[in-house]
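To start, the structure under review is shown below, and the notes come after it.
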Amino acid sequence: MNYLLRGIGVLAAVGTISLLAFSLPSGEAHGDGGGDTLPRLTHKAWQQECASCHIAYAPAFLPKASWRRVMGGLGQHFGEDASLDPATQADILRFLEINAADAGTSRIGRKVMQRMDAQDAPLRITESRWFVRKHDEVPRAAWSRKSVGSAANCAACHRQAEQGVFDDDSVRIPK
Amino acid sequence: MIKRLFCSGLAALGMVAVASAADTPASLMAHYAQAAGVPLASLSAARGAALYRAEHPGRNAQTVSCASCHTADPKQPGRSRVGKRIEPLAPAANPGRFTDAAKVEKWFRRNCGDVLQRECSAREKGDFIAWLSQVQ
C-alpha cells in the first residue's frame, strides 16, 4: 500500500516537473500553465449571489481594498443594481477579504500583488497589470465578439472557469 | 453503501422540496394582490406581458426592457450583460421560478430600478407573475 502510494507520488512529481519543463520555454509570463488553477473555495452566498450575473470571480484576483470598494457600491455595480441585504453583503465581504490577493493564501494572489502597487484598489479585475499582461496575446477584436460579450465573461474562453481552472490548455477563444 | 447514499440523497431532495414549497406563483400573486388592495382576479396577464415588453430609455442611447436580457420568449434562457446564461423566467420552462418570495422581491427591486428607473408597484408585480405563470 505504502509502496503504491509512493509510486503514485513519484509519478505525480515526474509529471509535474516535466510539465513545468515543457511550459518554461514559452516565457515565464505566459508559461506558468499548470499553476493557474485557483484554490477550490466554497461559500454559499458568494456562489449564489455573485454568480447570478457573472461567474463568481475568485477573491484572489483583487486585493482586500478592491473588494471593500466593490461590496460598498453594489447599488451601482457597473451600471446595475446588485444590492444585497446587509447581512449577506457583510458575509460575502468577509469571505472575499479572507481570500483576497493580498491575504497571502494563494499563488495567483501573490502573482496579482507582484504587479500591483500597495495603494492600488482597482474595481475591475481586467484593470490589474497582472490581467493585462496575462492577456496580451489575445487579439483586440476577440474581446468584442458576440460569443464573448465582454472581458468580464471569463468562461467564454476559459471553459472551466467556473471550476476555477484557468490554465492555458483549457483556453478556447470562440469565433 | 450505495443504498445509504441514495437514501440520504432522497432525504436531501425532500428537504429542498419542503424548503422551497413555501411559495408558489399563485401564493405570490395572492400576496401582491393583497398588498395592492385589489382582488386576485383583477391581476392581468395582458398588463404583465406589456410590462415585460415595454421599452425604456437605457444606456448608450439604446432602449432596455425585461426582454433585453430575458429574451422575447420567457421560456428561452436569457443572457446577462456580461454574457452569462440566465435560466428561463417562465415557470413552464423553469419550475423553480417564483417559489422563493425573498428572491422574487430581490430581483423586482433590482431590475425594476435598472429597467424602469423606479420601483414596481405591488399590482405590477402581480400582473407580471400572472402573465409568466400562464405562458405555456
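The figures here come from the full heavy-atom set of this structure, side chains too, leaving out hydrogens, waters and symmetry mates. A, B, ... follow the sequence lines: proteins, then strands. Residue 1 opens every chain.
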Report, in residue-number order, which members of residues 58-82 of chain B are under 4.5 Å from chain A by heavy-atom distance. Arg59(B), Arg79(B), Ser80(B), Arg81(B), Val82(B)
Sole candidate of Phe131(A), Phe61(A), Trp130(A) that passes ring-ring contact (aromatic ring centres under 6.0 Å, His included) when paired with Phe166(A): Phe61(A)
What part of Ala51(A) is in contact with chain B, defined as an atom under 4.5 angstrom from a non-hydrogen atom: side chain, backbone, both or neither? both
Please step through side-chain contact (heavy atoms from CB on, under 4.5 Å) for the pair Cys154(A) and Tyr57(A), ending with a clear verdict. CA-CA 9 Å; Cys154(A) 310; Tyr57(A) 297 125; 3.6 Å; yes
Sorted by number, residues from residues 116-136 of chain B in contact with chain A (heavy atoms, under 4.5 Å): none
Any ion pair linking Asp117(A) and Arg129(A) (charged N to carboxylate O, less than 4.0 Å)? yes
On a heavy-atom basis, which atom in Arg145(A) and which in Lys175(A) lie closest, and how many Å separate them? CD-C, 3.7 Å
Would Lys111(A) and Arg115(A) satisfy side-chain contact (heavy atoms from CB on, under 4.5 Å), going step by step from the backbone distance to the final call? CA-CA 7 Å; Lys111(A) 290 190 204 170; Arg115(A) 298 189 175 275; over 6 Å; no
As a quick check of understanding, evaluate side-chain contact (heavy atoms from CB on, under 4.5 Å) for His31(B) and Met29(B), giving each step before the final call. CA-CA 5 Å; His31(B) 162 76; Met29(B) 282 162 63; over 6 Å; no
Does one hydrophobic cluster hold both Ile173(A) and Trp143(A), with members joined at side-chain heavy-atom distances below 4.5 Å? yes
Leu62(A) and Trp67(A): which non-hydrogen atoms are nearest, and at how many Å? O-NE1, 3.1 Å
Between Arg68(A) and Glu97(A), is a salt bridge (Lys or Arg N to Asp or Glu O under 4.0 Å) present by the stated rule, with each step listed? CA-CA 8 Å; Arg68(A) 284 186 210 115; Glu97(A) 287 180 328; 2.6 Å; yes
So, Asp23(B) side chain and Phe98(B) main chain: donor-acceptor pair closer than 3.5 Å or not? no
Measure the acute angle between the ring planes of Phe108(B) and Tyr32(B), then classify it against the limits of 30° and 60° as parallel, tilted or perpendicular. perpendicular
Give a yes or no answer on whether the side chain of Ser128(A) reaches the backbone of Arg124(A) with a donor-acceptor pair at less than 3.5 Å. no
Do any of residues 34-47 of chain B come closer than 4.5 Å to chain A, heavy atom to heavy atom, and if so which ones, in number order? none
Within residues 72-92 of chain A, residues adjacent to chain B where the heavy-atom gap is under 4.5 Å: Phe78(A), Gly79(A), Glu80(A), Asp81(A), Ala82(A), Ser83(A), Leu84(A)
Could you tell me whether the side chain of Ser170(A) and the main chain of Gln160(A) form a donor-acceptor pair under 3.5 Å? no
Relative to chain B, which segment of Glu49(A) carries a heavy atom at a distance below 4.5 Å: side chain, backbone, both, or neither? side chain
Going through the checks in order, is the side-chain contact (heavy atoms from CB on, under 4.5 Å) test met by Val70(A) and Leu123(A)? CA-CA 6 Å; Val70(A) 169; Leu123(A) 274 179; 3.8 Å; yes
Identify the heavy atoms of Ala156(A) and Pro174(A) that sit nearest to each other, and give their distance. O-CD, 3.6 Å
CA sep, side-chain torsions, deciding dist, call: Lys103(B), Glu105(B), salt bridge (Lys or Arg N to Asp or Glu O under 4.0 Å): CA-CA 5 Å; Lys103(B) 189 176 173 187; Glu105(B) 265 302 291; over 6 Å; no
If you tally heavy-atom pairs under 4.5 Å against chain B, which of Ser150(A), Ala152(A), Cys53(A), Ala155(A) wins? Cys53(A)
Arg40(A) (side chain) donor-acceptor with Gln163(A) (main chain) under 3.5 angstrom: yes
What are the two closest non-hydrogen atoms of Asn153(A) and Ser147(A), and how far apart are they? ND2-O, 4.4 Å
